[in-house]
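Report on the following structure.
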Amino acid sequence: MEAVAVIDFETTGLSPAQGDRATEVAAVIVQDGRVVDRYQSLMNAGVRIPAYIESLTGISNAMIRSAPPAAQVMREVADFVGGIPMVAHNAAFDAKFWDAELARIERTRAQDFVCSLLLSRRLFPLAPSHRLGALVEYARLPVAGRFHRALADAEMAASLLLRLEDELRLRHQVAQVSVALLCRIQRASKAQLPKCLAAARGV
DNA sequence: TGCCAGGCCCTCTTTAGGGCCTT
């Protein structure tokens, strides 16, 4: 598979449209079956983190006060990722924060966003839960650090992506896994999935 | 203090409702 950037945000809430902002971002570059580069930074967007999110993530208002400005961090991470396809667990969430934070520095995203949550629902239908932590346990992936910290979650989502790639190769005999195929799989309905995988096998 | 969104997916569905997932 071509190189991808697996990203994860910690934020003050669920919706940039409601005024929520990013507090931490991480991106790991996955190439040739392994993580080859990493970026991580706290970011100060000048908004207060609610107490229940401080306890969820361990990221405090004091930590954010001494963090670099959000605009600087977004310029750095966007340059780090460049134009390669992006991946996140529940990508709808991270994509809306990525696009909202980029818009504040007058930049836009051009590449695809692959969702490891949607892929897991297709390829691990028997998993008891498709939360990142539950999938790490289900697939016996290494715990990369504290859950709900950006770099640890990005590393674990990267491990999950590589496991999903293995699943396509070994169980479904797909010789060539590509981002385009992952995009087709995540858009496929349950009924469409067998045909989608058969086409990928060249049947 | 408590709550806020939105897309996906299942089902006792499609003229809808509710759980899952992200912070």
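Computed from heavy atoms alone, side chains included, the values below leave out hydrogens, waters and symmetry copies. Proteins get letters first, then strands, A, B, ... in listed order; numbering begins at 1 in each.
Rounding to whole angstrom units, CG of residue A:Leu135 and C1' of B:dT22 are separated by 13 Å. For A:Arg149 and B:dT22, the CZ to C1' distance is 17 Å, given to the nearest whole Å. Taking atom CZ of A:Arg131 as the reference point, atom P of B:dT23 lies 11 Å away to the nearest angstrom. Here the P atom of nucleotide B:dT23 and the CZ atom of A:Arg146 are 12 Å apart, to the nearest Å. In this structure, A:Phe9 places its CZ atom 13 Å from C1' of B:dT22, rounding to the nearest Å. The distance from atom CZ of A:Phe93 to atom P of B:dT23 is 6 Å, rounded to the nearest whole Å. The CD1 atom of A:Ile59 sits 15 Å away from the P atom of B:dT22 (whole-angstrom rounding). One interatomic measurement links the two molecules: CG of A:Asp94 to C1' of B:dT23, which rounds to 9 Å at whole-angstrom precision.
With both ends at atom C1', the span from B:dG17 to B:dC12 equals 12 Å, rounded to whole Å. One C1' atom belongs to B:dC9, the other to B:dT13, and the distance between them is 12 Å to the nearest Å. Comparing B:dC4 with B:dG18, their P atoms sit 15 Å apart, to the nearest whole Å. Rounded to whole Å, the C1' atom of B:dT15 lies 22 Å from the corresponding atom of B:dG19. Nucleotides B:dT1 and B:dG6, compared at atom C1', are 25 Å apart to the nearest Å.
Residue A:His89 places none of its side-chain N or O atoms closer than 4.0 Å to OP1 or OP2 of B:dC21. OP1 or OP2 of B:dC21 sits under 4.0 Å from a side-chain N or O of A:Ser129.
Hydrophobic clustering (ILVMFWY, side-chain heavy atoms < 4.5 Å, transitive): A:Leu118 and A:Val136 are in distinct clusters.
Residues from residues 41-56 of chain A placing a heavy atom under 4.0 Å of any atom in DNA chain B, listed by number, are A:Tyr52, A:Ile53, A:Leu56.
A salt bridge links A:Arg149 with A:Glu24: the distance from a Lys NZ or Arg NE/NH1/NH2 to an Asp or Glu carboxylate oxygen falls below 4.0 Å.
Partners of A:Glu165 according to the salt bridge (charged side-chain N to carboxylate O under 4.0 Å, His left out) rule, which considers only residues two or more places apart in sequence or in another chain, are A:Arg169.
Among the heavy atoms of the strands, none lies under 4.0 Å from A:Thr23. Across all strands, A:Asp8 comes closer than 4.0 Å only to sugar-phosphate atoms, never to a base (heavy-atom distances).
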So A:Gln186 and A:Val114, side chain to side chain contact (heavy atoms under 4.5 Å, CB included) or not? Walk me through it.
-> CA-CA 8 Å; A:Gln186 70 182 16; A:Val114 172; 3.7 Å; yes
Residues A:Asp20, A:Thr12; criterion side chain to side chain donor-acceptor pair (under 3.5 Å); working and verdict = CA-CA 5 Å; A:Asp20 292 320; A:Thr12 62; 3.3 Å; yes
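Set against B:dC21, B:dA5, B:dT23, the side chain of A:Glu10 has B:dT23 as its closest nucleotide. Distance from the side chain of A:Ser15 is smallest to B:dA5 among B:dA5, B:dC21, B:dT22. Closest to the side chain of A:Lys96, out of B:dG6, B:dC21, B:dT23, is B:dG6.
Shortest non-hydrogen contact noted between A:Leu182 and A:Val177 is CD2-CG1, 4.1 Å. The nearest pair of heavy atoms linking A:Trp98 to A:Val81 is CH2-CG2, 4.0 Å. Heavy atoms only, all atoms of each residue included: A:Leu135 and A:Ala127 are closest at CD2-CB, 3.9 Å.
Contact check for A:Asn44 versus A:Pro69: no side-chain heavy atoms found under the 4.5 Å cut-off.
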How would nucleotides 7-12 of chain B be written as a contact map, 5' to 3', with B for base contact, S for sugar-phosphate-only contact and - for no contact, using protein heavy atoms under 4.0 Å?
-> -SSS--
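Ring planes of A:Phe80 and A:Tyr39: tilted class, angle from 30 to 60°.
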